[in-house]
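Hydrogens, waters and symmetry mates play no part in the numbers below; they use all other heavy atoms, side chains included.
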Amino acid sequence: MATTDGFTTQETLAIERLHDARQRILRQLNQVIVGQQRVIEELLISLFSRGHCLLEGVPGLAKTLMISTLSRTLNLSFSRIQFTPDLMPADITGTEIIEENRTTGSREFRFLEGPLFSNVVLADEINRTPPKTQAALLEAMQERQVSVGRIRHKLADPFFVLATQNPIEQEGTYPLPEAQQDRFMFKVFVQYPSFDEEFEVARRTTTVMTDTIEPVLSGEEILELQQIVREVPISDHLIRYTLSLVRQTRVGEPGVPDFIEEQLSWGAGPRAVQFLILGAKARALLYGRTHVTVDDIQELARPVLRHRLVLSFTAESDGVTPDDVIARILKATPTQEDELTGDARFQKIFAS
């Protein structure tokens with residue numbers, strides 16, 4: 001039997017469970033992690049949208065601890081890969097070894113799985129390994145499989161990659177190419193804690209404390225909730241609004257604002273639209289709603305778009321950031337349907 005929102009009674013119960021799970025996950029993480037509520041929320045949205053996250057922050061902000069604790073609250077397997085200049089693709093995907101059959105005496109190949117065969121994979125300092133190894137993640141992230149020789153090996157499901165990079169020291173690093181960055185749903189900035197949060201960190205970490213992390217969701221429940229996220233309805237107006245935000249970043253296209261032509265060299269592709277809509281659906285469910293609002297899309301515009309915009313030389317020299325450009329786009333885009341469709345500039349975007 002369907003409810004008024006188009007969900008069955010079973011699905012409605014699952015939605016309520018997801019909203020409740022968010023609160024329980026936060027309570028579990030708060031035993032170990034102080035603050036960083038926005039970061040945790042974006043990680044959860046990405047997980048339930050079947051996306052991946054790129055985290056950027058200076059050392060010592062508990063990025064690794066946050067991710068490993070999250071995997072414990074979700075009862076998922078976890079592996080950490082420390083990316084270094086000498087790391088090879090086979091070190092993360094796995095390799096075939098020759099093994100002798102003691103019964104027959106014959107030798108045969110056996111695939112030895114690498115650390116990618118976990119539910120949650122932390123790719124620590126991903127920009128410290130050469131492009132050849134970075135590219136080994138591409139197939140895993142997009143196709144959820146790895147190819148070794150002529151054989152394809154399916155990865156665990158759910159599968160969630162969280163990569164970190166240090167924005168300070170750039171010597172000896174290999175910046176992620178745009179195609180690799182585009183595979184990540186979000187680019188999340190991990191900021192310094194506030195005074196009160198750092199006070200609590202200092203108090204906790206310099207005394208004897210224990211945590212009792214309890215699993216909140218199983219892998220099967222996460223897969224079920226990932227499917228329900230895609231069933232959340234979204235109006236044509238909000239899809240049109242999302243397209244308007246993304247298409248305004250594309251230099252040289254009709255209806256693009258003048259400041260985009262000055263500040264960007266390259267804009268976001270179709271994946272940005274897909275991730276914005278999926279993320280908005282997941283955010284709505286996490287807040288106990290069965291419909292998407294403009295606020296959901298606006299809140300996720302920065303983490304979805306910031307790593308997909310290439311600034312011009314002029315913008316970089318003036319200290320402009322991608323977040324500054326996104327803020328101007330949000331301000332210049334009407335949220336009301338009649339204002340959006342009646343604007344001459346956006347009519348050019350819709351017709352292009």
Side-chain angles (χ1 to χ4, degrees), residues 25 39-57 62-84 87-94 113-148 152-166 173-190 217 219 222-223 225-226 229 271-272 274-275 278-279 282 300 303-304 306-308:
I25 289 170
V39 175
I40 293 170
E41 180 176 294
E42 290 174 359
L43 291 181
L44 290 176
I45 291 172
S46 180
L47 172 66
F48 292 118
S49 303
R50 297 188 86 237
H52 308 286
C53 275
L54 179 63
L55 288 85
E56 185 172 293
K63 297 186 293 294
T64 302
L65 179 62
M66 185 189 310
I67 295 166
S68 61
T69 307
L70 177 62
S71 68
R72 290 164 61 193
T73 65
L74 299 175
N75 198 24
L76 298 175
S77 59
F78 170 76
S79 63
R80 175 179 180 270
I81 308 171
Q82 181 63 53
F83 280 75
T84 56
L87 196 71
M88 297 298 291
D91 296 329
I92 63 173
T93 60
E113 295 181 349
L116 272 184
F117 287 82
S118 296
N119 296 120
V120 180
V121 177
L122 170 60
D124 216 356
E125 295 192 288
I126 191 174
N127 57 335
R128 298 210 175 275
T129 201
K132 183 177 181 179
T133 306
Q134 291 175 358
L137 279 177
L138 283 176
E139 182 185 16
M141 292 170 62
Q142 190 67 27
E143 307 296 336
R144 297 174 187 267
Q145 65 181 23
V146 295
S147 298
V148 178
R152 296 174 180 174
H153 302 271
K154 289 289 184 182
L155 294 170
D157 210 6
F159 179 65
F160 189 33
V161 174
L162 298 109
T164 68
Q165 57 183 10
N166 179 355
T173 62
Y174 304 85
L176 288 173
E178 284 72 20
Q180 176 95 5
Q181 292 194 56
D182 196 42
R183 260 61 174 193
F184 289 98
M185 179 176 185
F186 290 155
K187 182 176 183 179
V188 180
F189 287 153
V190 185
L217 292 174
I222 292 171
L223 292 175
L225 294 170
Q226 287 177 342
V229 164
R271 276 201 188 98
Q274 296 168 339
F275 283 143
L278 280 174
L300 299 181
V304 168
R306 62 170 56 117
H307 56 299
R308 294 181 164 88

For R271, check salt bridge (charged side-chain N to carboxylate O under 4.0 Å, His left out) against everything at least two apart and list the hits.
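Checked R271 against salt bridge (charged side-chain N to carboxylate O under 4.0 Å, His left out); matches are D182.
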Please enumerate all residues that pass salt bridge (charged side-chain N to carboxylate O under 4.0 Å, His left out) together with E56, with sequence neighbours excluded.
K187
Any sub-3.5 Å donor-acceptor pair from [X]'s side-chain atoms to [Y]'s backbone N or O?
X: T133; Y: L87; answer: yes
X: S77; Y: N119; answer: yes
X: R144; Y: D157; answer: no
X: H307; Y: F184; answer: yes
X: T73; Y: L70; answer: yes
X: Q226; Y: P158; answer: no

Among residues at least two apart in sequence or on other chains, which ones pass side-chain contact (heavy atoms from CB on, under 4.5 Å) with L65?
V32, I33, A62, S68, T69
Quick one: pull up CG in D124 and OG1 in T129 and give me the separation to the nearest 0.5 Å.
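Interatomic distance, D124 CG to T129 OG1, rounded to 0.5 Å: 12.0 Å.
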Working to the nearest 0.5 Å, report the span between CZ of R183 and CG of L176.
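Here the rounded value is 12.0 Å.
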Return the minimal non-hydrogen interatomic distance between N127 and Q134, and the atom names on each side.
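For N127 and Q134, the tightest heavy-atom pair comes out as CA-NE2, 3.8 Å.
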Of the non-hydrogen atoms in F117 and T93, which two are nearest, and what is the gap between them?
CE1-O, 3.2 Å
